[in-house]
Each structure stands twice: as C-alpha cells, then as structure tokens.
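Within every chain, numbering begins at 1; the chains are lettered A, B, ... in the order of the sequence lines, protein sequences first and strands thereafter. As the structure is a prediction and not an experimental result, all values here were calculated from the model.
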2 protein chains.
Amino acid sequence: MKLSEAKHQFISSWGAYGSNWGINRTMAQIHALLLISPMPITQDDIMEELNVSRGNVNMNIRELINWGLVQRVIVPGERKEFFSAEKDIWRVVTQIMKERKKRELEPMLKLMDTLEAVEGDKKDKHVKAFVDTVSNIKKTGRHADKMLDTLIRAEESWFISALTKIIK
Amino acid sequence: MKLSEAKHQFISSWGAYGSNWGINRTMAQIHALLLISPMPITQDDIMEELNVSRGNVNMNIRELINWGLVQRVIVPGERKEFFSAEKDIWRVVTQIMKERKKRELEPMLKLMDTLEAVEGDKKDKHVKAFVDTVSNIKKTGRHADKMLDTLIRAEESWFISALTKIIK
DNA sequence: CCGTATTTTCAAAATGTTTTGAAAGTACAA
DNA sequence: TTGTACTTTCAAAACATTTTGAAAATACGG
C-alpha cells in the first residue's frame, strides 16, 4: 500500500471511530492528520488536506486544544500559527480519560448524591428500586473514579506488568 | 425531592450522558427507566412514561437487547412482552466494555496491522511518522485490550482491593 | 383456521448537528 | 498609524440522525 492511500484510510477510519465517541468526524480527522504529521502544520494545510472550510478547521482545532490533545506552536520567522498533536497514544488516552472523568463522571456522582435523598417510604418498591439503583451507580462510579485515577497516574508498562502479575 | 421529580431528573440526565457516548437520547432514557423499574414493563408503559412513539420504543429496545443490557421477559398469562434491565451497574459497565472492545478496538487493531505494512523508505520522515504512529496505536491498543479483558473477568470488589493494595 | 392483540418495519417529517463562507476582529511589520 | 496577513465568529445552508405513525407482519387464544 502506498503512503498516500494508507494516510487516507487512517484519517478516514479515525474519523469514523470518533463518531462512536461523541466526537465529530472533522475533529477526529484533524487529530488523525496531526498524529501522522512529522512537523507542525497550519490551518491552511489542514483545509487543503481534508477539504474542509476555514471556520470548520478553526472551531475543531480549538476544541482539540481544549481537550489538551493539540498545541499551538510558534515557528520563528512565521506569522501563521502552527499546530501539533501529542504523539504518545498512551498519553492521549490518559488525557481523554482525565477530561471525561472531570466533565462527566464527577458531575454524575454529584447528581446521584442529590437523587439518593429522595423522599418516601423505603418499603415502597418503587422508592426502593430507585434508591437502590442510584446507590449502585454511586458505588460503581466511585470505584471507576479510583481506578481511573490510578491508571492516569501509572506509567503504562509499570501498570500492565503489575496487573498481569497479580492476575496470573 | 419527590420520587416523581427525582425519576424525571434521573431519566433526563441519563439521556443527556448517553449522547456523549454515541447513544441516542431515547435509548438511554429507556435504559434509565428500566433501571429504576422494580418490575418488568411493556412497550406501552415506556411509550406513556417517556412520551415517545411505538416505533421509537421498539427500535431502541431492540438495540438495548443487542447490547446485552435488556432482556425480554415472559409473564405467564400475559400476551404482551415485558422488558427488564440488568440492575447491577458494574455488570452494565463490563457488558458495554465487552461489546465496544469487540465492535471497535479489535477491528481497529486489525486495520493498524494492514496500515503498518505501508511501502516506502523508512528514512523518509513522512513514512517514519506514519509508521511510528500506527505502531504506537497498536501497542497501546493491545495493552488496553488486555486490561479490558482483565477488568471484564475480574470480580469488582476483588479487583479493586487488589489494585488498591499494589498501588499503595 | 379466524379474528384480534401485539410487534415490527420504514418512508416521510421533524429535529439536531455540522459545515460553510463572508464579514468582523486581531495582531504584526514597517 | 496603516495596510496586510491571519484568525475568529456566526447565521444560514447542508447534511445526518431520530422520531413518528400508519401499514404490514406476526403470534396467540379460542
């Protein structure tokens, strides 16, 4: 397979996977393009490579920066802004976990605290089922939260080998 | 807070969280409703509770069954079908991980194998950057795959306590 | 079997999301 | 300060997904 074809497939698949994760196609494609770029590139490069409008590139780059996956790079002597992505995929993964934990898991656990305090007779099966579900979500959520903290902090190889050892 | 209000909030938030995960609002809301229902319920119950059409309920229930999160239940003496959800949230989580691993991670790793075999001079920085990224994704993906297998197999409490021990 | 209750399908409508592109805003060099 | 290169914004258009509802299919009791 030729490089150009392989690149194309990579970008297009990365875009498709993104949509299963609440990420829009263009954003995922920009990320893919940056991942395989040996040097930082500009908005114009991205526009040309992916055939999308300036506004679209601008919005999605900004969002990638919010997620901590892409950085603005100053190239001396150049007036344009350049962009580059974190290349270590494990760090990409932990960065995403960190953000999603903050944006989704933590607020959800807060909500569950509120909902757990529902009024009503705990012997009523509807009340009981509700409270049980909410408590169970809290419990599982807290566990997930701890696990994610551990994962995020741990060095990859270290973690895997430790994990594999205790599992064996 | 009254039960009805709490239920309403629970269902609506669960629906909102779903959309960050590539799951549509109604599907997530049906799941939420089933989670807090003490008894199996029918399509008509769901239609009424969530104010959605029959077709919509039918499609999304089927999808939840595909994901292994909901089951059809036969109630003796009743002609209608009833539905109930897995209530143990940890099992819900592992079930989702299992499915996503199969549907997304495994195919992605297959694709990376293909892409890694790209032609071209490895000294060309574009070729090198591409191959490096693909290899890195493969490596990280395989690790994630192993970790997920472990998590899916492990009993929750067992796993957490072992994990916390080695981390300390 | 037949009639009715129930489930499923699917094209069209409604709704939601993404993309465009041109105008406004900014920042830099001279 | 001014002109120009560049970035950002955002309303409207394009596109994609979800929802509806009625018709078709199916299953079930008698």
Side-chain angles (χ1 to χ4, degrees), chain A residues 11-34 39-67 70-84 103, chain B residues 11-34 39-67 70-85 103-104:
Chain A
I11 290 171
S12 126
S13 316
W14 206 253
Y17 290 128
S19 37
N20 295 132
W21 291 89
I23 287 163
N24 81 53
R25 211 177 77 252
T26 306
M27 182 169 153
Q29 288 187 349
I30 293 175
H31 186 224
L33 178 60
L34 287 168
M39 307 291 293
I41 61 180
T42 64
Q43 288 202 1
D44 293 82
D45 296 332
I46 298 171
M47 284 168 64
E48 187 172 348
E49 196 84 29
L50 304 181
N51 281 295
V52 291
S53 73
R54 184 173 300 285
N56 197 1
V57 170
N58 192 275
M59 267 187 59
N60 284 300
I61 273 275
R62 202 140 29 84
E63 194 59 14
L64 284 166
I65 293 173
N66 280 342
W67 275 88
V70 166
Q71 287 184 310
R72 255 172 245 274
V73 175
I74 307 289
V75 174
E78 289 276 7
R79 193 145 157 192
K80 286 186 182 175
E81 291 178 333
F82 286 71
F83 300 93
S84 78
R103 297 178 190 199
Chain B
I11 290 171
S12 126
S13 317
W14 206 253
Y17 290 128
S19 35
N20 294 132
W21 290 89
I23 286 162
N24 81 53
R25 211 178 77 251
T26 305
M27 185 168 149
Q29 289 187 348
I30 293 175
H31 187 223
L33 178 60
L34 287 169
M39 306 291 294
I41 61 180
T42 65
Q43 288 202 0
D44 293 82
D45 296 333
I46 298 170
M47 285 168 63
E48 187 172 348
E49 197 83 30
L50 304 181
N51 282 296
V52 291
S53 72
R54 184 174 301 285
N56 197 359
V57 171
N58 192 275
M59 268 186 59
N60 284 300
I61 274 275
R62 200 140 30 84
E63 194 59 12
L64 284 166
I65 293 174
N66 279 343
W67 276 88
V70 166
Q71 287 184 311
R72 255 172 246 273
V73 174
I74 306 290
V75 174
E78 290 277 6
R79 192 146 158 191
K80 286 185 181 175
E81 290 178 332
F82 286 71
F83 300 93
S84 79
R103 296 178 192 200
E104 296 165 38

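Distance CG (B:Asp45) to P (C:dT7): 11 Å, rounded to an integer number of Å. In this structure, B:Asp44 places its CG atom 7 Å from P of C:dT7, rounding to the nearest Å. Atom-to-atom, NZ of B:Lys80 to P of D:dG29 comes out at 15 Å; the value is rounded to the nearest Å. Atom CD1 in A:Ile74 sits about 12 Å away from atom P in C:dA27, given to the nearest Å. One atom, CE of A:Met47, and another, P of D:dC6, lie 12 Å apart when rounded to the nearest Å. For B:Ile46 and C:dT7, the CD1 to P distance is 10 Å, given to the nearest whole Å. Here D:dA27 presents its P atom at 14 Å from CD of B:Gln43, a figure rounded to the nearest Å. Nucleotide C:dT8 holds its C1' atom 10 Å from the CZ atom of B:Arg72, rounded to whole Å.
If you check residues 54-66 of chain A against DNA chain D, the residues with a heavy atom closer than 4.0 Å are A:Arg54, A:Gly55, A:Asn58, A:Arg62, listed by number.
Nearest heavy-atom pair across A:Gly18 and A:Ala28 is CA-CB, 4.2 Å. Nearest heavy-atom pair, B:Thr42 versus B:Lys80, reported as atom, atom and distance to 0.1 Å: CG2-CD, 4.0 Å. Between B:Leu34 and B:Ile41, the shortest heavy-atom contact is CD2-CG1, 3.6 Å.
A heavy-atom distance below 4.5 Å is found between the side chains of B:Ile61 and B:Ile46.
Within the structure, a side-chain polar atom (N or O) of A:Thr26 is placed less than 4.0 Å from OP1 or OP2 of C:dT19.
At a cut-off of 3.5 angstrom, counting only N and O atoms as typed in the model, there is no donor on one side facing an acceptor on the other between the side-chain of A:Arg79 and the base of D:dC6.
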Can you give me every donor-acceptor pair (side chain of residues 49-56 of chain B, partner residue at least two apart or in another chain, under 3.5 Å) with its distance?
unit_1	atom_1	unit_2	atom_2	d
B:Ser53	OG	B:Asn56	N	3.2
B:Arg54	NH2	B:Asp44	OD2	3.0
B:Asn56	OD1	B:Asn60	ND2	2.7

*Please report the C-alpha distance between B:Phe83 and B:Arg72 in whole Å, then the side-chain angles of each, then the deciding distance to 0.1 Å, and finally whether the side-chain contact (heavy atoms from CB on, under 4.5 Å) criterion is met.*
CA-CA 5 Å; B:Phe83 300 93; B:Arg72 255 172 246 273; 3.6 Å; yes
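Along DNA chain C, the nucleotide nearest A:Asn51 and the nucleotide nearest B:Glu81 are compared for position; the residue whose nucleotide lies closer to the 5' end is B:Glu81.
Taking a 6.0 Å sphere around CE of A:Met59, one finds it holds 12 or fewer heavy atoms contributed by other residues, nucleotides or ligands.
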